[in-house]
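Reviewing the structure listed below.
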Amino acid sequence: MKTLYLVGGTMGVGKTIVCQELKSILPRSAFLDGDWCWDMNPFVVNGETKAMVLENIRTLLGNFLKCSAFDHVIFCWVLHQQSIIDAILEGLELSDVRVIPVSLVCTREVLLQRLYRDVEAGRRQPDILLRSPQRLSLYDSLSTVKIDTSALDVRRAARAIAALGQHAQ
């Protein structure tokens, strides 16, 4: 049986780096960041591009899940609405797949510290300082396991996710 890890969280919470670490911990694993399916210039958000991105994600995840080289498939994206999680899952063949939905969360203060560092380093635009914290409360209502990364380093956060997969067996 394969395991699909869906890792969500607001911008700057640490999804990508934690999932990269998770990939190194889990044997026979593949990683897809939803942002890679949304990387375009100009950045256009409309019905057509949203549908395209969702289809790209489902196609890539489906291919990873079908491939015998992988036991673990890791996907991260903001995933701030249950409807987004459901839409991704509805388009996948999951008959022999364990799905572990996770939301990475942290305190507002820690999130702002991380975002300020990213803005100062030129990795993010200043508007993220307003947009990202506004999404924190959205994760409370999702059907996911919440992992608070406020006091966790990357390795411990990744190990916490990996442990969920071991407990699900």
Side-chain angles (χ1 to χ4, degrees), residues 1-40 43 45 47-106 111 114 132 135-169:
M1 177 171 276
K2 293 185 183 241
T3 305
L4 171 61
Y5 298 85
L6 296 177
V7 181
T10 193
M11 299 81 75
V13 77
K15 297 178 302 295
T16 300
I17 194 165
V18 167
C19 287
Q20 289 286 7
E21 180 66 20
L22 182 60
K23 182 182 70 176
S24 75
I25 292 171
L26 296 173
R28 298 172 44 93
S29 60
F31 169 50
L32 173 65
D33 188 320
D35 288 348
W36 301 339
C37 300
W38 195 250
D39 190 359
M40 59 187 87
F43 185 73
V45 179
E48 181 184 18
T49 59
K50 286 179 182 180
M52 177 200 64
V53 168
L54 187 58
E55 185 59 29
N56 288 346
I57 289 167
R58 282 193 218 125
T59 298
L60 289 168
L61 288 177
N63 287 340
F64 281 135
L65 290 169
K66 285 187 275 190
C67 183
S68 64
F70 307 114
D71 294 328
H72 305 278
V73 178
I74 305 158
F75 173 69
C76 78
W77 206 21
V78 174
L79 300 175
H80 62 295
Q81 297 171 337
Q82 189 65 44
S83 61
I84 296 170
I85 296 169
D86 295 344
I88 290 168
L89 293 175
E90 287 168 7
L92 296 174
E93 170 54 49
L94 299 172
S95 58
D96 197 28
V97 177
R98 216 179 15 232
V99 178
I100 300 179
V102 175
S103 294
L104 299 182
V105 297
C106 66
L111 179 62
R114 293 173 183 172
S132 183
R135 292 192 176 187
L136 274 174
S137 64
L138 299 176
Y139 295 91
D140 295 339
S141 63
L142 301 181
S143 297
T144 60
V145 175
K146 309 317 182 272
I147 297 178
D148 189 334
T149 65
S150 299
L152 296 180
D153 64 19
V154 170
R155 184 138 181 92
R156 290 189 340 195
R159 284 183 181 158
I161 298 170
L164 295 172
Q166 293 171 343
H167 293 304
Q169 292 179 347

For Thr49, which residues count as a side-chain hydrogen bond (donor to acceptor under 3.5 Å, both in side chains) partner, sequence neighbours excluded?
-> Asn46
Ring pair (Phe, Tyr, Trp, His ring centres under 6.0 Å) with Phe31: of Trp77, Tyr5, Phe75, Trp36, only one passes, and it is Trp36
Check Cys106 against Thr149 and note the closest heavy-atom contact, atom names and distance.
-> CB-OG1, 3.7 Å
Between NZ of Lys2 and NE2 of His72, what distance do you get to the nearest 0.5 Å?
-> 10.0 Å
OG1 of Thr16 to CG of Asp35, rounded to nearest 0.5 Å, is 6.0 Å
Is any side-chain heavy atom of Met40 less than 4.5 Å from a side-chain heavy atom of Val53?
-> yes
Show your working on side chain to side chain contact (heavy atoms under 4.5 Å, CB included) between Asp148 and Leu152 and close with a plain yes or no.
-> CA-CA 8 Å; Asp148 189 334; Leu152 296 180; over 6 Å; no
If you take all heavy atoms of Cys37 and Ile57, which pair is closest and at what distance?
-> SG-CG1, 3.8 Å
Within 6.0 angstrom of Ile25 CD1, more than 12 heavy atoms from elsewhere | yes
Check the angle between the aromatic planes of Trp38 and Phe43 and answer parallel, tilted or perpendicular using the 30° and 60° thresholds.
-> perpendicular
Any donor-acceptor N/O pair, Ser103 side chain to Gly9 backbone, under 3.5 Å = no
Side chain to side chain contact (heavy atoms under 4.5 Å, CB included) between Lys146 and Thr144, intermediate numbers included = CA-CA 6 Å; Lys146 309 317 182 272; Thr144 60; 3.1 Å; yes
Stepwise side chain to side chain donor-acceptor pair (under 3.5 Å) test for Arg114 and Ser132 = CA-CA 11 Å; Arg114 293 173 183 172; Ser132 183; over 6 Å; no
Candidate list Ile74, Leu6, Leu164, test side-chain contact (heavy atoms from CB on, under 4.5 Å), partner Ile100, passing option | Leu164
Lys23: what forms a side-chain hydrogen bond (donor to acceptor under 3.5 Å, both in side chains) with it, not counting sequence neighbours?
-> Gln20
Derivation and outcome, side chain to side chain contact (heavy atoms under 4.5 Å, CB included), residues Val73 and Leu32 | CA-CA 8 Å; Val73 178; Leu32 173 65; 6.0 Å; no
Search all heavy atoms of Val45 against all heavy atoms of Lys50 and return the closest pair with its distance.
-> CG1-CE, 3.5 Å
Donor-acceptor list for residues 88-97 side chains, cut-off 3.5 Å, not counting sequence neighbours:
residue, atom, partner, partner atom, Å
Glu93, OE2, Ser95, N, 3.0
Glu93, OE2, Ser95, OG, 2.5

List in chain and number order the residues that pass salt bridge (Lys or Arg N to Asp or Glu O under 4.0 Å) with Arg159, two or more places apart in sequence or in another chain; answer none if no residue qualifies.
-> none
All N/O donor-acceptor pairs, side-chain side in residues 59-68, below 3.5 Å, sequence neighbours left out:
residue, atom, partner, partner atom, Å
Thr59, OG1, Glu55, O, 2.9
Thr59, OG1, Glu55, OE2, 3.4
Asn63, ND2, Thr59, O, 3.4

Output a table of donor-acceptor pairs, distance under 3.5 Å, between side-chain atoms of residues 79-86 and any protein atom two or more places apart or on a different chain; print 'none' if there are none.
residue, atom, partner, partner atom, Å
Gln82, OE1, Ser143, N, 2.8
Gln82, NE2, Asp86, OD1, 3.0

Step by step, work out the side chain to side chain contact (heavy atoms under 4.5 Å, CB included) result for Val18 and Val7.
-> CA-CA 9 Å; Val18 167; Val7 181; 5.6 Å; no
